[in-house]
Amino acid sequence: MNGAAPPAIAGRRGGCQQRVSGGRRSPVRPAPVPPPMAAGRRAPPEPGGGPVLLQGIFGAGATPGAASCSLVLTARELQVRRPPGSSGGSPGPDAALRLADCVGSVAFPAAAAAACFSVVCYPLRGPRWGSPARQRLERTFRVCQGPDAEGNLRIAQAWSRRIRELAVPAVPTQDGDSYGVLPRPCRALVLLNPQSGTGRALEDFQAVVQPMLAEADIATTVFITERPQHAHEKVRDEDLSQWDTLVVMAGDGLLYEVVNGLMERPDWEETMKKPLCILPGGSGNALAASINHYAGNDHVTKKKLLTNCTFILCKGLHTQMDLVSLSTASGKRLFSFLGFGWGFISDVDIDSEKYRWLGNARFTLGTLQCLAKLRVYQGRLSYLPAVPEQGSPSAPRDPHAPVTNGQAGRILPPAGTEAPGALPADSLLVPLCQPVPAHWTVVPEEEFVSIYAIYQSHLGTNLLMAPAAQLHDGCIHLFYLKAGISRVALLKIFLAMARGTHLDLNCPHLRYVPVRAFRLEPRAATGIMTVDGEVLACEPVQGQIHSRLCRILSGS
């Protein structure tokens, strides 16, 4: 802050000049008056926090008898100190509240003409065993500079406002305009499936999420889904201009509905700029686990994961996310944010639906059952490598080759010439009725245990399938398991996937390749196909990556 600090904020008279000792009030020696700051000059730097922006002496609590403390606000933290001259005082802070952990601050009047301001933070705290998770911490400070109630409230409001400003995440400058921050106050439409996962989504939202959002000045409108495709229809037909973000509190399947509902709107290009947010309320919660991973947090599950993801929403930092366009032989075109699968992994996902009440443990039981009846699927897999493979022919240079968008018989114009409102062209694909281009790779084996194309790091809260994946890396991470793998080797792969070390096993049956597009042509309509955990009819399908097509609350 430039210029001379206002005396009431800079702490020249101190805060509450009385404290309770032994049940009686005794005078406190006034704090030394800091020299005024010359106009245009910053205060001297403070260790660990940078230059001082505000400082003052206030009561360390909301009650009139609260002991006083000295507050120092820097760009990075709020330092809470013993006031100068107090017994046992030390030059360093007794506590420091990191503004990166702060979700909100509010000022309010108090008794006896005083005022208060509170600060709510969610610092990472680690238990003796297990991963650290965010836990709520609230501190309240009392301002009583004199009998002027309005003056005290103005001081509390100035501190609260400055804390909120500094708590806003810094928008990364790299990567163009891919990052942004939600406005404050913020309006959120929450789409919630009360039947997802173990059926506790609504209860967890009310107990965990709603109080945190209120502290962060995020107002919510909750829409409870009552049937399949309910959320799809809501976001497709609703006027969404009244909300700043769309929040999904459910499993990955509900977000899949939302994404495809948005892509059916005539104004999809504008609507897809509205940030989406995922809060884990299902069984697998793959995208929520991926977002938690990208934010640099340790692996957590259940309510710890929900708290971490809600904190990310409260901070409001969002970025772009890739989507994959999938085209089927029957003429469907779908948009996917997580992954497409056929074979063992999809079998586990769908066959374990009957154990939904077990939560994430359903996948463990489903894996064991599918191992017992291990199946082999026949088909042809082709792909366009993200990096040309050695010995493969170079891609054709003609950018005007006709392509299909997945609707039977429809040929799209060259990229960049589509009509306003048209969906993005699948410029890397040719119609499914034609052979793949010569510069694609065709896998020589045609018997598989599983094929999975994933675009996020996690396949589930406990499955780190693609550790190198990022939200907008322009890449599909393609894994396939060839027939002939033993049940023991397959089990070892899935156990290692919990730590993301499955590729370190060097299993000859497991192949991984980053690609930009792929095609799968089953020999027969057998086996389960899934997209983002939802069932697809088993038929030829192909897909390609579309970079940065939507926005997601990311935390980093």
Side-chain angles (χ1 to χ4, degrees), residues 1-2 40-55 71-80 93 95-106 117-125 132-137 139 158-188 212-213 215-218 244-245 247 273-278 290-298 307-321 457 470-473 548 550-556:
M1 183 173 66
N2 295 329
R41 298 184 61 185
R42 294 182 176 180
E46 288 292 324
V52 173
L53 303 177
L54 293 177
Q55 58 184 347
L71 297 187
V72 175
L73 181 64
T74 72
R76 294 201 298 265
E77 62 189 23
L78 177 64
Q79 300 175 1
V80 185
L97 307 180
R98 295 175 65 247
L99 298 178
D101 297 329
C102 176
V103 300
S105 176
V106 64
F117 63 95
S118 63
V119 183
V120 180
C121 297
Y122 283 83
L124 280 169
R125 292 181 172 176
R134 295 199 177 271
Q135 300 179 27
R136 187 178 186 275
L137 172 64
R139 295 292 298 269
W159 276 78
S160 178
R161 180 172 58 252
R162 196 71 174 105
I163 289 169
R164 290 196 305 271
E165 292 170 353
L166 295 170
V168 174
V171 177
T173 56
Q174 76 273 18
D175 224 3
D177 62 349
S178 65
Y179 288 90
V181 180
L182 291 177
R184 291 294 189 277
C186 178
R187 302 159 301 169
M212 291 181 66
L213 298 188
E215 293 164 346
D217 203 10
I218 299 177
D244 302 303
T245 180
V247 179
K273 297 177 183 177
K274 194 180 297 291
L276 305 173
C277 176
I278 184 70
S290 299
I291 295 292
N292 185 68
H293 175 70
Y294 302 146
N297 297 325
D298 287 355
T307 301
N308 283 1
C309 290
T310 307
F311 175 81
I312 288 171
L313 171 57
C314 290
K315 296 301 285 187
L317 186 66
H318 53 84
T319 189
Q320 295 167 317
M321 181 171 71
S457 62
Q470 295 294 328
L471 283 169
H472 47 74
D473 58 8
R548 304 168 187 258
C550 71
R551 305 195 69 86
I552 191 81
L553 271 293
S554 61
S556 64

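All heavy atoms count here, side chains included; hydrogens, waters and symmetry mates do not.
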Quiz prompt | Test salt bridge (Lys or Arg N to Asp or Glu O under 4.0 Å) applied to Arg187 - qualifying residues, sequence neighbours left out | solution = Asp244

Practice problem: For residues Ala75 and Leu53, report the shortest heavy-atom separation together with the two atoms involved. | Solution: N-CD1, 3.7 Å

Self-check item: Heavy-atom side-chain proximity of Pro51 to Thr74 below 4.5 angstrom
Solution: no

Exercise. Check side-chain hydrogen bond (donor to acceptor under 3.5 Å, both in side chains) between Ser160 and all other residues, then give those that pass, not counting sequence neighbours.
Key: Ser105, Arg164

Quiz item: Is the closest side-chain heavy-atom distance between Leu71 and Trp159 below 4.5 Å?
Solution: yes

Exercise. Give a yes or no answer on whether the side chain of Thr319 reaches the backbone of Tyr179 with a donor-acceptor pair at less than 3.5 Å.
Key: no

Practice problem: Please report the closest heavy-atom contact between Leu313 and Cys277, naming both atoms and the distance. | Solution: CB-SG, 3.9 Å

Self-check item: Leu78 vs Val72 side-chain heavy atoms within contact, under 4.5 Å
Solution: no

Exercise. Locate the shortest heavy-atom distance separating Arg184 from Gly316; write the atom from each residue and the value.
Key: NH2-N, 4.2 Å

Quiz item: What residues, two or more places apart in sequence or in another chain, satisfy side-chain hydrogen bond (donor to acceptor under 3.5 Å, both in side chains) together with Asn297?
Solution: Asn292

Self-check item: Nearest heavy atoms of Arg551 and Lys273, plus distance in Å
Solution: CD-O, 3.1 Å

Quiz item: So among Ile218, Leu213, Asp217, which one has a side-chain contact (heavy atoms from CB on, under 4.5 Å) with Cys186?
Solution: Ile218

Quiz item: Got a sec, which residues hit side-chain hydrogen bond (donor to acceptor under 3.5 Å, both in side chains) with Ser554, two or more places apart in sequence or on another chain?
Solution: none

Self-check item: Listed partners of Asp473 passing side chain to side chain contact (heavy atoms under 4.5 Å, CB included), at least two apart
Solution: Asp322, Ala469, Gln470, Cys475, His477

Quiz item: Tell me, do Leu73 and Arg162 make a side-chain contact under 4.5 Å, heavy atoms counted?
Solution: yes

Quiz item: Side chains of Met321 and Leu471: does their closest heavy-atom pair fall under 4.5 Å?
Solution: yes

Quiz item: Within the distance-only criterion (no hydrogens, no angle test), does the side chain of Tyr294 pair as donor or acceptor with the backbone N or O of Ser457 below 3.5 angstrom?
Solution: yes

Quiz item: Do the non-hydrogen side-chain atoms of Ile552 and Cys550 ever get within less than 4.5 Å of each other?
Solution: no

Exercise. Identify, with sequence neighbours excluded, every residue that meets side chain to side chain contact (heavy atoms under 4.5 Å, CB included) alongside Arg98.
Key: Ala100, Asp101

Self-check item: Residue pair Cys314 / Val103: nearest heavy atoms and the distance that separates them
Solution: CB-CG1, 3.8 Å

Quiz prompt | Pairing residues for Ile312 by the side chain to side chain contact (heavy atoms under 4.5 Å, CB included) criterion, not counting sequence neighbours | solution = Ile291, Ala295, Leu553

Quiz item: Which residues satisfy the salt bridge (Lys or Arg N to Asp or Glu O under 4.0 Å) test with Arg161, sequence neighbours excluded?
Solution: none

Quiz prompt | Results of ring pair (Phe, Tyr, Trp, His ring centres under 6.0 Å) for Phe311 - residues two or more places apart only | solution = none

Quiz item: Given Cys102 and Ile163, is the side chain to side chain contact (heavy atoms under 4.5 Å, CB included) satisfied, shown in steps?
Solution: CA-CA 8 Å; Cys102 176; Ile163 289 169; 4.0 Å; yes

Quiz item: Which residues satisfy the side chain to side chain contact (heavy atoms under 4.5 Å, CB included) test with Val181, sequence neighbours excluded?
Solution: Val168, Pro169, Val171, Leu317

Quiz item: Would you say the side chain of Glu215 lies within less than 4.5 Å of the side chain of Arg136, judging by non-hydrogen atoms?
Solution: yes

Quiz prompt | Heavy-atom check, side chain of Thr307 versus side chain of Met212, under 4.5 Å | solution = yes

Quiz prompt | Residue pair Ala188 / Val247: nearest heavy atoms and the distance that separates them | solution = CB-CG2, 4.1 Å

Quiz item: Excluding sequence neighbours, so at least two apart, what forms side-chain hydrogen bond (donor to acceptor under 3.5 Å, both in side chains) with Arg139?
Solution: none

